[in-house]
Amino acid sequence: MAKIKAIRGMNDILPEQTPWWQFLEESTQSVLSSYGYQEIRTPIVEQTDLFKRSIGEVTDIVEKEMYTFADRNDESLTLRPEGTASCVRACEEHGLLFNQVQRLWYAGPMFRYERPQKGRYRQFHQIGVETFGMQGPDIDAELILIGARLWKKLGVDQAVSLQLNSLGSSVARQAYKEDLVAFLSKHVDELDADSRRRLQSNPLRILDSKDPKTQALLHQAPDFHAYLDDESRQHFQQLCEYLDAAGIPYVINPRLVRGLDYYGKTVFEWVTDRLGAQGTVCAGGRYDGLVEQLGGRATPAVGFALGVERLILLLESEAGLAAERLQQADIYLLPLGAEASKAAMQLAEGLRNETGLRVLLGCGGGSFKSQMKRADKSGAEIALLLGEDELSQQRVTAKPLRSGEEQQAISWQALSSYLNNRFKS
RNA sequence: GUGGGCGUAGCUCAGUUGGCAGAGCUCCGGAUUGUGAUUCCGGCGGUCGUGGGUUCAAGCCCCAUCGUCCACCCCA
């Protein structure tokens, strides 16, 4: 019988890895909480239409990357490919956007049917941050400051840089798109195949093309910044002033175009050159039109999402997080024989009550030698030996595992204070 | 969806012009009956990804297929 394996592109995160996940999650949560952001949790499955209407019908995500299936009642459901749509839906559904301001975050798995590669998986994790009801560039700047603070906290601030652009109003964007298509259509034969296709599907993406001939052609194309409406221009300039004042370096990248249809005005990406092809570690922008598009009252909104897997790859490459053996426990209580084992379980409970130390109890028997090996492997500082002699005298033998110190006998009564004393640092 | 690299023990990998399936690490046991981590000895562990084909003989050659990694597309 064939072995059952995990689904392609969906990874198990093993005990060796989870400390980095916890580190990232805890760091993010504490940073967000220090800015007054609140967590929201939404289901990972939604009606398919939610994503079609928010992300855009003709995007790659909707056309070929969604995990879509029929529920038992034939309703079309989809595993969320991103978090913003669900967040907006939930806020709207529960009246969180009516005459108020929201600063929210969420974390969890997203699903896209793509070919896996470094930093890209079919089930991947994002931590998303969304704000509603604030139209000024100050909130855009705040989101960027949150990112900057987080990179510092994680120790990757030297590895990432900020790219910034404005996509303008939808009217300006539409006008530009038409002129760009008109221009490029006259030079179809000079375009690479991918860009030719994008002429239909997503013309702005052509600006991003890696093809040198296409890039050369783009020099003569209409300049997007000339199309920017006054309001967007001003918004963008003010954002830059906020960032200058905060001392946040950035690069204005006029070719930065986000993939999802709902973005307008501010867009930004935190990128790194240390992860191969998947350089975007965090990205976001303003989506003032989305709430209304999903049936709510017009509400300004900005947000971003960071890719957890990519950030963890970066942590590993930067902070040298891979290295050391993980210390699983502080003390390893090692009973010998059935009677000792019963007493040891009680003793361990008592130590957990009285010391707050991590106490690993040797279970499952085995020879003394193999028990000692397990004690060593656990990374514990001290092994507490409990055999027949110790049992009859209500003592343990405390053996330091990480130094040359002599072992010594300690009475059960004095054990907690001995350990508390030893581990207070 | 497209292109390339790689699939041999739990892990990391050798395997010669086609000729008995290997090492290191891990794990278990012993040297040392209650002292780990160092050392020495022994042991457990294999559908050589899968299915066909060529051959007296295939881990090795051919075809197909699956998986994985990297890249394209696209995206966090």
Side-chain angles (χ1 to χ4, degrees), chain A residues 1-3 5-9 11 14 16 55 58-65 81-84 107-129 147 160 192-198 201-202 205 208-211 257-260 268-272 275-285 303-314 325 332 334-337 340 362 366-391 396-404 406-407:
Chain A
M1 190 145 76
K3 269 188 195 162
K5 297 169 53 173
I7 306 299
R8 179 178 175 79
N11 301 117
L14 303 177
E16 188 179 56
I55 297 169
V58 295
T59 55
D60 274 26
I61 293 180
V62 169
E63 279 184 342
K64 49 184 205 191
E65 295 177 359
E82 57 104 38
T84 302
M110 308 292 163
F111 302 85
R112 290 182 202 170
Y113 189 90
E114 299 182 273
R115 281 282 278 271
Q117 69 187 73
K118 188 182 183 74
R120 198 181 50 198
Y121 312 100
R122 288 186 176 180
Q123 175 177 333
F124 62 103
H125 296 76
Q126 287 187 340
I127 297 173
V129 179
V160 296
D192 61 285
D194 282 326
S195 293
R196 235 173 277 176
R197 182 174 47 74
R198 281 184 285 217
S201 59
N202 196 348
R205 273 268 150 196
D208 243 357
S209 174
K210 289 166 184 160
D211 185 81
V257 176
R258 311 287 352 285
L260 283 52
F268 61 91
E269 284 189 11
W270 292 94
V271 298
T272 178
L275 292 185
Q278 260 58 49
T280 304
V281 132
C282 174
F304 69 79
L306 61 85
V308 176
E309 281 84 353
R310 290 181 187 180
L311 218 31
I312 283 175
L313 285 171
L314 194 57
R325 154 180 288 176
Y332 191 100
L334 190 161
L336 290 164
S367 69
F368 182 74
K369 179 175 176 149
S370 68
Q371 289 260 49
M372 280 301 289
K373 278 189 175 176
R374 277 182 239 159
D376 181 51
K377 233 181 114 178
S378 75
E381 288 291 323
I382 297 181
L384 300 178
L385 279 46
L386 183 65
E388 278 173 31
D389 292 351
E390 287 91 345
L391 189 59
V396 295
T397 299
K399 178 183 170 67
L401 295 171
R402 313 293 152 199
S403 70
E406 286 296 307
Q407 63 188 31

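Residue numbering restarts at 1 for every chain, and letters A, B, ... go by the order of the sequence lines.
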Worksheet, complete the sentence: Leu391(A) CG to rG34(B) C1', in whole Å, measures 14 Å
Worksheet item: NA contact type, Lys5(A), heavy-atom cut-off 4.0 Å: base, sugar-phosphate, or nothing?
Response: sugar-phosphate
Item to complete: Quickly work out the Arg122(A) CZ to rC74(B) C1' distance and round it to whole Å.
Response: 13 Å
Fill in: Gln126(A) side chain to Glu82(A) side chain, donor-acceptor N/O pair below 3.5 angstrom
no
Worksheet item: Under 4.0 angstrom, heavy atoms only, what part of the nucleic acid is Val281(A) near: base, sugar-phosphate, or nothing?
Response: sugar-phosphate
Practice prompt. Could you check whether Glu390(A) gets within reach of a base, just the sugar-phosphate, or nothing at all, counting any heavy atom under 4.0 Å?
Written response: base
Discussion item. Heavy atoms from C-beta onward define the side chain here; which of rU35(B), rA71(B), rA76(B) lies closest to that of Gln278(A)?
Written reply: rA71(B)
Worksheet item: Rounded to whole angstrom units, what separation is found between the NZ atom of Lys118(A) and the C1' atom of rC75(B)?
Response: 17 Å
Practice prompt. Looking at every strand, decide which applies to Gly119(A) at a 4.0 Å heavy-atom threshold: base, sugar-phosphate, or nothing.
Written response: base
Fill in: Touch class at under 4.0 angstrom, heavy-atom based, for Arg197(A) against every strand present
sugar-phosphate
Worksheet item: Tell me, what's RNA chain B's dot-bracket, Watson-Crick or G-U with both distances under 3.5 Å, | for other-strand, [ ] crossing?
Response: (((((((..((((.....[..)))).(((((.......))))).....(((((..]....))))))))))))....
Protein and nucleotides 3-10 of chain B: nitrogen or oxygen contacts under 3.5 angstrom:
unit_1	atom_1	unit_2	atom_2	d
rG3(B)	O6	Arg115(A)	NH2	3.2

Worksheet item: Have Glu269(A) and Thr280(A) got a donor and an acceptor in their side chains that come within less than 3.5 Å?
Response: yes
Worksheet entry | Distance, C1' atom - from rC11(B) to rC20(B), rounded to whole angstrom | 26 Å
Response to the item:
Between CD of Gln117(A) and P of rC73(B) the distance, given in whole Å, is 10 Å
Worksheet item: Closest to the Arg8(A) side chain: rG36(B), rA76(B), rG67(B)?
Response: rG67(B)
Worksheet item: Less than 3.5 Å between a donor and an acceptor, one on the side chain of Gln371(A) and one on the base of rU35(B), is that the case here?
Response: no
